[in-house]
Structures are given as structure tokens and as C-alpha cells.
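Worksheet: the structure to be examined is printed underneath.
First listed ligand is number 1; within each ligand, the first listed atom is number 1.
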Amino acid sequence: MIDLIILAIWLMLPAYIANPAAALLGGGKPIDLGKNFTDNKRILGDGKTIRGFVLGSLSGIIIGLLQIWLAPSIAPYLAGYVSGDMLMNVSYIAVFTMPVGSLLGDMVKSFFKRRLGFERGAMWPIADQLDFVAGAWVLTFLFDSAWFMANFSLAIIIIVIIITPVLHVATNIIGFKIGKKNVPW
Ligand code: CTP
Ligand code: MG
């Protein structure tokens with residue numbers, strides 16, 4: 001079980017990093033440029049910024065590249081849990097699609113949040129926690145389905161769906177405490 005949890009976190013890390021990185025490094029011009037949709041509500045809202053998207057994506061990509069480079073040195077330490085083959089089975093496409101997809105998923109979520117009348121930062125349980133997982137998986141599946149199928153077994157998918165909301169809430173509470181998030185979700 002612990003082996004699957006380690007592997008799940010390893011596989012998701014570039015996507016996981018993108019969100020807190022966007023929160024830490026984001027700000028400035030909103031992606032929707034302040035414009036409203038046909039319902040006279042913001043398209044995405046001030047919580048989705050160009051800088052957050054770009055720097056959040058880059059942070060995830062950098063983490064993914066570090067994982068690729070460091071896998072051979074990290075593998076021996078995790079040998080009792082995860083096979084080195086699993087850690088080293090990486091894809092340069094996925095390193096890109098996991099973080100970018102995660103922030104795209106987050107944007108799609110915000111689009112629907114605004115349509116439903118939720119203010120920026122309002123809580124939308126489940127969607128707030130799994131939006132970026134869905135985005136990362138969809139984009140990765142579209143661009144590298146072979147890698148996705150080889151790594152995301154049903155067991156890994158279930159573990160990710162269970163541990164992500166827990167990890168997400170934990171990081172958001174930290175973000176709130178250090179003043180980087182307006183609300184603890
Ligand atoms: N952020 C950003 N750009 C992004 C994504 C996030 O700048 N593309 C920053 C914003 O400062 C945002 C914070 O990260 O407030 C937290 O992100 P999130 O919780 O996804 O946004 P919310 O402010 O809660 O907005 P929403 O209601 O649209 O989810
Ligand atoms: Mg939020």
C-alpha cells in the first residue's frame with residue numbers, strides 16, 4: 001500500500017506543485033483581462049492570473065525535470081517500496097502536460113464556478129480539490145496516452161483521488177496561515 005502511495009505522489013508531483021506555486025508566485029493581470037461573460041459575471045475572476053499560470057506551470061515542469069534527472073539517485077533509497085523502473089519510467093511530454101493540464105483544469109473549474117455564481121475564492125467542495133487532477137490526467141492522456149496507461153493503474157487512480165483532497169486541504173491551510181491564500185480552501 002505504502003509503495004502505491006509513494007508512486008502516486010511521485011507521478012502526481014509536477015501537477016501537485018503547479019497549484020501552490022501559482023498561489024505563491026501569481027498575481028497581476030487576470031487571464032480573463034477583467035472581462036465579463038454573457039451572464040455579466042467575470043469569465044474566470046481575479047484568482048486566475050497570467051503570472052500564476054505561467055510560473056505555476058514552469059515550477060511543475062522544473063520539478064518534473066528534476067525528478068527525471070534525480071530518479072536514478074533516488075531509486076536506491078526507495079528500493080524497498082517502489083521499483084526503480086517505475087520511478088524512471090518518465091515522459092518528457094507528461095512533465096509538460098501534468099502541470100499545464102492541472103492549471104487548465106483549475107481554470108475550467110473557475111469558469112464553471114463563476115457561471116454558478118460563486119465569488120472568487122468561494123468553496124466548491126470536491127471540484128476545488130480534484131479539478132487539477134482531472135485537468136492533468138485529461139491533457140496527459142490526450143498527448144501521451146501510452147505513458148498514462150502504463151503508469152496510472154486503477155489502484156493508483158483510486159489512491160490519487162483519495163489522497164489529493166487531503167494533501168490539498170493541508171497545503172491550503174498552510175497557504176492561509178502564511179497569508180498567501182485569502183481562505184483556507
Ligand atoms: N493563482 C493565480 N493564477 C492561477 C491560479 C491561481 O494567480 N492560474 C493564485 C491566485 O492568487 C489565487 C490563488 O492562486 O487566488 C489560489 O488559487 P485558487 O484557490 O485556485 O483560486 P481562488 O482564488 O480560490 O479562485 P476560484 O474561486 O476561481 O477558484
Ligand atoms: Mg480556491
Side-chain angles (χ1 to χ4, degrees), residues 8-9 11-67 92-144 157 159-185:
I9 294 175
L11 291 170
M12 291 303 294
L13 207 55
Y16 281 163
I17 291 298
N19 267 271
L24 282 175
L25 307 171
K29 202 176 257 207
I31 294 171
D32 66 9
L33 303 174
K35 290 189 174 32
N36 285 351
F37 195 61
T38 52
D39 55 8
N40 287 324
K41 296 189 177 91
R42 286 287 295 277
I43 302 175
L44 299 175
D46 285 331
K48 306 295 116 149
T49 67
I50 296 171
R51 203 168 76 212
F53 184 80
V54 172
L55 296 183
S57 297
L58 274 178
S59 306
I61 292 168
I62 289 169
I63 290 295
L65 291 175
L66 281 175
Q67 285 178 272
Y92 283 101
I93 298 173
V95 160
F96 181 82
T97 58
M98 292 291 284
V100 173
S102 110
L103 290 175
L104 285 177
D106 178 55
M107 273 168 63
V108 170
K109 186 260 335 247
S110 290
F111 176 80
F112 286 110
K113 254 175 124 170
R114 299 299 90 82
R115 304 291 71 74
L116 291 169
F118 289 106
E119 296 295 330
R120 175 235 177 135
M123 181 167 53
W124 191 15
I126 317 267
D128 274 333
Q129 282 85 50
L130 292 176
D131 56 352
F132 65 95
V133 171
W137 285 350
V138 168
L139 203 68
T140 303
F141 186 80
L142 287 177
F143 284 91
D144 196 350
I157 287 179
I159 286 173
V160 169
I161 290 173
I162 294 170
I163 65 173
T164 301
V166 178
L167 292 172
H168 193 250
V169 169
T171 39
N172 284 348
I173 290 172
I174 295 170
F176 176 66
K177 291 234 185 275
I178 63 172
K180 282 291 171 189
K181 270 193 64 93
N182 301 329
V183 287
W185 53 75

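Using a cut-off of 4.0 Å between Lys/Arg side-chain N and Asp/Glu carboxylate O, D32 and K48 are scored as not salt-bridged. With salt bridges taken as basic N to acidic carboxylate O contacts below 4.0 Å, one links D106 and K109.
Within a 6.0 Å sphere centred on CZ of F118, other residues, nucleotides and ligands contribute more than 12 heavy atoms.
The minimum heavy-atom distance between P14 and P99, with the atom names listed, is O-CB, 3.5 Å. In terms of heavy atoms, G34 sits closest to P30 at N-CG, 3.7 Å. The heavy-atom pair separating A8 from I159 by the smallest distance is CB-CG2, 3.8 Å.
Heavy-atom distances between G27 and ligand 1 reach below 4.0 Å in at least one pair. Under the 4.0 angstrom criterion for non-hydrogen atoms, R51 is not in contact with ligand 1. Heavy-atom distances between R114 and ligand 1 reach below 4.0 Å in at least one pair.
Between S110 and ligand 1, at least one N/O pair is under 3.5 Å apart. Residue N19 has no N or O atom closer than 3.5 Å to an N or O atom of ligand 1. Checking only distances, G121 does come within under 3.5 Å of ligand 1, N or O to N or O.
When heavy-atom distances to ligand 1 are checked against a 4.0 Å cut-off, D106 comes that close only through its side chain, counted from C-beta outward. Contact annotation for M107 and ligand 1: no heavy atom of the residue comes within less than 4.0 Å of the ligand. The side chain of K113, and not its backbone, has at least one atom closer than 4.0 Å to an atom of ligand 1 (non-hydrogen atoms only; side chain from C-beta on).
Shortest contact from atom 16 (C) of ligand 1 to any protein heavy atom: K181 NZ, 3.6 Å. Counting only heavy atoms of the protein, atom 3 (N) of ligand 1 lies nearest to T49 N, 2.9 Å.
Which of K48, R120, R42 comes nearest to atom 11 (O) of ligand 1 through a heavy atom is settled by distance: it is R120. Ranked by closest heavy atom to atom 9 (C) of ligand 1, the top entry among G52, G26, A22 is A22. Looking at G47, G56, A23 and measuring to atom 6 (C) of ligand 1, the nearest heavy atom belongs to G47.
Contact atoms of ligand 1 toward K109: 29 (O) (distance under 4.0 Å to a heavy atom of the residue).
Evaluation of the side-chain contact (heavy atoms from CB on, under 4.5 Å) rule for S57 yields F53, V100, L103 as partners, not counting sequence neighbours.
Side-chain atoms of D128 come within 3.5 Å of backbone N or O of W124 as a donor-acceptor pair. Panel note: side chain R51, backbone G26; a donor-acceptor pair is recorded below 3.5 Å.
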Identify each donor-acceptor pair in which a side-chain atom of residues 160-170 lies under 3.5 Å from a protein atom, sequence neighbours left out, and give them as a table.
{"unit_1": "T164", "atom_1": "OG1", "unit_2": "Y16", "atom_2": "OH", "d": "2.7"}
{"unit_1": "T164", "atom_1": "OG1", "unit_2": "V160", "atom_2": "O", "d": "2.6"}
{"unit_1": "H168", "atom_1": "ND1", "unit_2": "N172", "atom_2": "ND2", "d": "3.4"}

